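What follows is a short report on a single structure.
First the proteins, then the strands, lettered A, B, ... as listed; each starts at 1. None of these values were measured; they are calculated from a predicted model.
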Protein chains: 2
Amino acid sequence: MKPIKIGIAGTGVVASGVVKVLQRNQEEITRRAGRGIEVAVVSSRTRAKAEALVGQNVLIVDDIMDVARHPDIDIVVETMGGYEPARSFVLEAIAHGKHVVTANKALLAEHGNEIFAAAQAKGVTVVFEAAVAGGIPVIKSLREGLSANRIEWIAGIINGTTNFILTQMREKGWTFTDALKVAQELGYAEADPTFDVEGVDAAHKITLMSALAFGVPINFKAASIEGISQLAATDITYAEKFGYRIKLLGITKRTPEGIELRVHPTLIPDSRLIANVNGVMNAVLVKGDAVGATLYYGAGAGAEPTGSSVIADLIDVTRTITADPEHRVPHLAFQPDALANIPMLPLSSVKTRYYLRLTVQDRTGVLADITRILANHDISVDAMLQTEVDDATQQTHIVIMTHVSLEASIDTAVLQIKTLDTVSGEVVKLRVEELG
Amino acid sequence: MKPIKIGIAGTGVVASGVVKVLQRNQEEITRRAGRGIEVAVVSSRTRAKAEALVGQNVLIVDDIMDVARHPDIDIVVETMGGYEPARSFVLEAIAHGKHVVTANKALLAEHGNEIFAAAQAKGVTVVFEAAVAGGIPVIKSLREGLSANRIEWIAGIINGTTNFILTQMREKGWTFTDALKVAQELGYAEADPTFDVEGVDAAHKITLMSALAFGVPINFKAASIEGISQLAATDITYAEKFGYRIKLLGITKRTPEGIELRVHPTLIPDSRLIANVNGVMNAVLVKGDAVGATLYYGAGAGAEPTGSSVIADLIDVTRTITADPEHRVPHLAFQPDALANIPMLPLSSVKTRYYLRLTVQDRTGVLADITRILANHDISVDAMLQTEVDDATQQTHIVIMTHVSLEASIDTAVLQIKTLDTVSGEVVKLRVEELG
């Protein structure tokens, strides 16, 4: 059978991973797919860079739209990242009847509904395994492997930069700032690390998984996002005393009231496998009603892991090209006319356990005041820890682990606690997930 | 679209999981598959049992062949287990143009090549996600999710019974016999536990994964199999002192000389995620050249986890029914005319690290004799531990961790060591895998 021809927009890290792995594993890939996969067109504004990547026998064009429209190719690979011109490129390719493979989570989290609708109307496929958790085939697992299940929740370490920083903070006792600096030196964090450290990247990814898990439209605006830049090393230490690790988790959960969608630093029991996922590695824990908990672990970024997922998508599309469109795997796991209209819940309606750290004056009655306020808001205390008094300031830390409580109640209680004249500074609030 | 109709052979644990989950999640499954999946025929020799499972509106037949031949159904589910009549049933169903879903690893490990050839000739699909690692979608990950990779090796905890026993032996210091008894009481081990504890079940599963990973025919006869019934709790304790856990692993590895395929108790560094997979849980670690190491974790058995995989396969088949046969995912991951002819290696050519435990008389020169023999066979010692002398017997244990050595050399050296008159009893030999 003739090789399938593809076009690639971009010549960055992802593109280079795709091209290298396609070349190196050409023979195995052909044995699997039943036909070769051949790069026919690449777009680049610097011809030399593109030639270095694909050699001289591949057509190199300046304008990405010449990839989107090229008559010889069946599939385009979008590796540019960002919102524009990626969005216009993808829509143009769809309009020209091309299937699309992309690693662009930001694009899909913001414009996925528009893009998938266009693809559906045109009868082409847009696939995005590489957009979540790099090389780990977790989109496929959610969309196909667990398709018998009512998914209950997903919790994922889906940003390698922040997991590396948290691992360093815990293992070396570093501050966030120090750990970030090292991450930047090692190339694990970008010069402007905002998207990663503030949880936006993780939020893009959990938003996509939430749609796939629950059969709802993509709704990035519903995500509550809190990063790790404000996280104190102290809290990592205290959490450890209770037997917990702190991880930046993307969490989405189905409750009787609606869907939770949130990213925040989270305490996890240290006996859980996912609590022991360290460094830049990613892991996604999925709870289904039939299968129970399953976990998917691997490299969440990098040229070849990302290339691995892009090429798996290319092979999938190659294989399904002869199936009529309504028999292909649906973009969002559920058939487009069967998406549900389940409300997305605000953070205030989350019910979980909480970790609170207060800085207080060492005076009689402080603890009584605090516990009375908590009790008044139906918050019961599971465990508590008080540090020794600092001689200079006469201050001490009180760390409280609550039983399951309503976030809105916690917030009101914290506001009242802050008005106590024995309590100084911020009250640190972190969420705890048992993931059992 | 009209629901797809299926027939089920058998009314045991797997069948009940399939039926229960199909009923409970009917709406979600239809939203995903684009059409319903309806049980139309069930075979059972005891009508009451079948009625209890599927109710009175489903056709119940005595003869499994009436399922295989029933004109109304598109897909049959084989849940009987064992070699016969499962093999005849599956071949008959294929001959009648039915797609087949099975959880039967023994059947496929022994007769898979024959079955897949028959299916290929008839243009139908035989799928078996549930045959390996229960509810974990690891077959799909190997066959589709990692299809860009040259797979280097797979190492899996793929038998829950033995993992439960090993976990108890380590945590409670029990002997194998005691732990087995508890496993039987809890229903985790069968009355005749041979297939599980002697590693045969794990060997069936790693044989299937080996074929999928390397694109070779299924070759169960090439598997070297060693179970855990001879494993002493002592060795679990000693291994721990070196920083290792002992797990029953199914391992398959591609080397320049050929393919290794083996099941045996294995020392794994305790820092590895897979070393911390406890109880009846399963996990499979896959190393690909592009993606690096990925791990898949979850329930390896049970009615609903197995049902989860069977139904995922049903949905897949439902979706691919309109694709022409050569565009479907190949049975063994690679196209049937592209299977490779790579030699399967005997255990004697394995190169890894070894753990040796010797019982010796506490006499001068013993250690010199042993290390000389090892050196003569090019075996170098990485670490050693000697226990205190037992006053009654004047004996002591010497535990040796070697550097990477050839199994054939280890075996010759051990034979020579046994002839030393200071060495008494068996020399325990266990393999070590770094899985790095």
Side chain / backbone / both / neither for [X] at chain B, heavy atoms under 4.5 Å:
X      : value
A:A283 : neither
A:V329 : both
A:L273 : both
A:T318 : backbone
A:A299 : both

Would you mind telling me which of [options] has the largest number of heavy-atom pairs within less than 4.5 Å of chain B?
options                        : value
A:I311, A:L339, A:V291, A:T294 : A:V291
A:L22, A:D337, A:I315          : A:I315
A:A303, A:A340, A:G302         : A:A340
A:S309, A:G298, A:G145         : A:G145

At a heavy-atom distance under 4.5 Å, which candidate from [options] has the highest pair count against chain A?
options                       : value
B:G292, B:G134, B:A33, B:S271 : B:A33
B:I321, B:L295, B:L285        : B:L295
B:R32, B:E27, B:Q335          : B:R32
B:N276, B:N149, B:V277        : B:N149
B:K20, B:R24, B:R328          : B:R24

Residues two or more places apart in sequence or in another chain: which of them pass ring-ring contact (aromatic ring centres under 6.0 Å, His included) with B:Y188?
->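 Checked B:Y188 against ring-ring contact (aromatic ring centres under 6.0 Å, His included); matches are B:F164.
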Output, in order, the C-alpha distance, side-chain angles, deciding distance and verdict of side chain to side chain contact (heavy atoms under 4.5 Å, CB included) for B:Y296 and A:Y296.
-> CA-CA 5 Å; B:Y296 308 84; A:Y296 308 84; 3.7 Å; yes
Can you name the closest pair of heavy atoms from B:A290 and A:S308 and give their distance?
->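 What the structure gives for the nearest pair is CB-CB, 4.1 Å.
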What pair of heavy atoms forms the shortest contact from B:P137 to A:S141, and how long is it?
->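 Taking B:P137 first and A:S141 second, the nearest heavy atoms are CG-OG, 3.9 Å.
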Heavy atoms from other residues, nucleotides or ligands near CD of B:E434 exceed 12 (cutoff 6.0 Å) =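 Result for CD/B:E434: enclosed.
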Flag yes if more than 12 heavy atoms outside A:Q26 fall under 6.0 Å of its CD atom; otherwise flag no.
->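 Result for CD/A:Q26: open.
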With sequence neighbours left out, write down each residue that passes side chain to side chain donor-acceptor pair (under 3.5 Å) with A:E144, or none if nothing qualifies.
->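 Only A:K140, B:K140 meet the side chain to side chain donor-acceptor pair (under 3.5 Å) criterion with A:E144.
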Contacts of type salt bridge (Lys or Arg N to Asp or Glu O under 4.0 Å), residue B:R254, not counting sequence neighbours =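 Partners of B:R254 under the salt bridge (Lys or Arg N to Asp or Glu O under 4.0 Å) test: A:E28.
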Identify which part of B:R143 has an atom lying under 4.5 Å from any heavy atom of chain A, answering side chain, backbone, both or neither.
->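 For B:R143, backbone heavy atoms alone lie under 4.5 Å from chain A.
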Mind checking which of residues 151-158 of chain B sit less than 4.5 Å from chain A, heavy atom to heavy atom?
->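 Listed by number, the contacting residues are B:I151.
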Take A:N25 and B:D289 through the test side chain to side chain donor-acceptor pair (under 3.5 Å) and record every step on the way to the result.
-> CA-CA 9 Å; A:N25 292 347; B:D289 70 335; 3.1 Å; yes
Decide yes or no for B:S147 and A:R31: does some side-chain heavy atom of the first lie under 4.5 Å from some side-chain heavy atom of the second?
->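 A side-chain contact under 4.5 Å is absent here.
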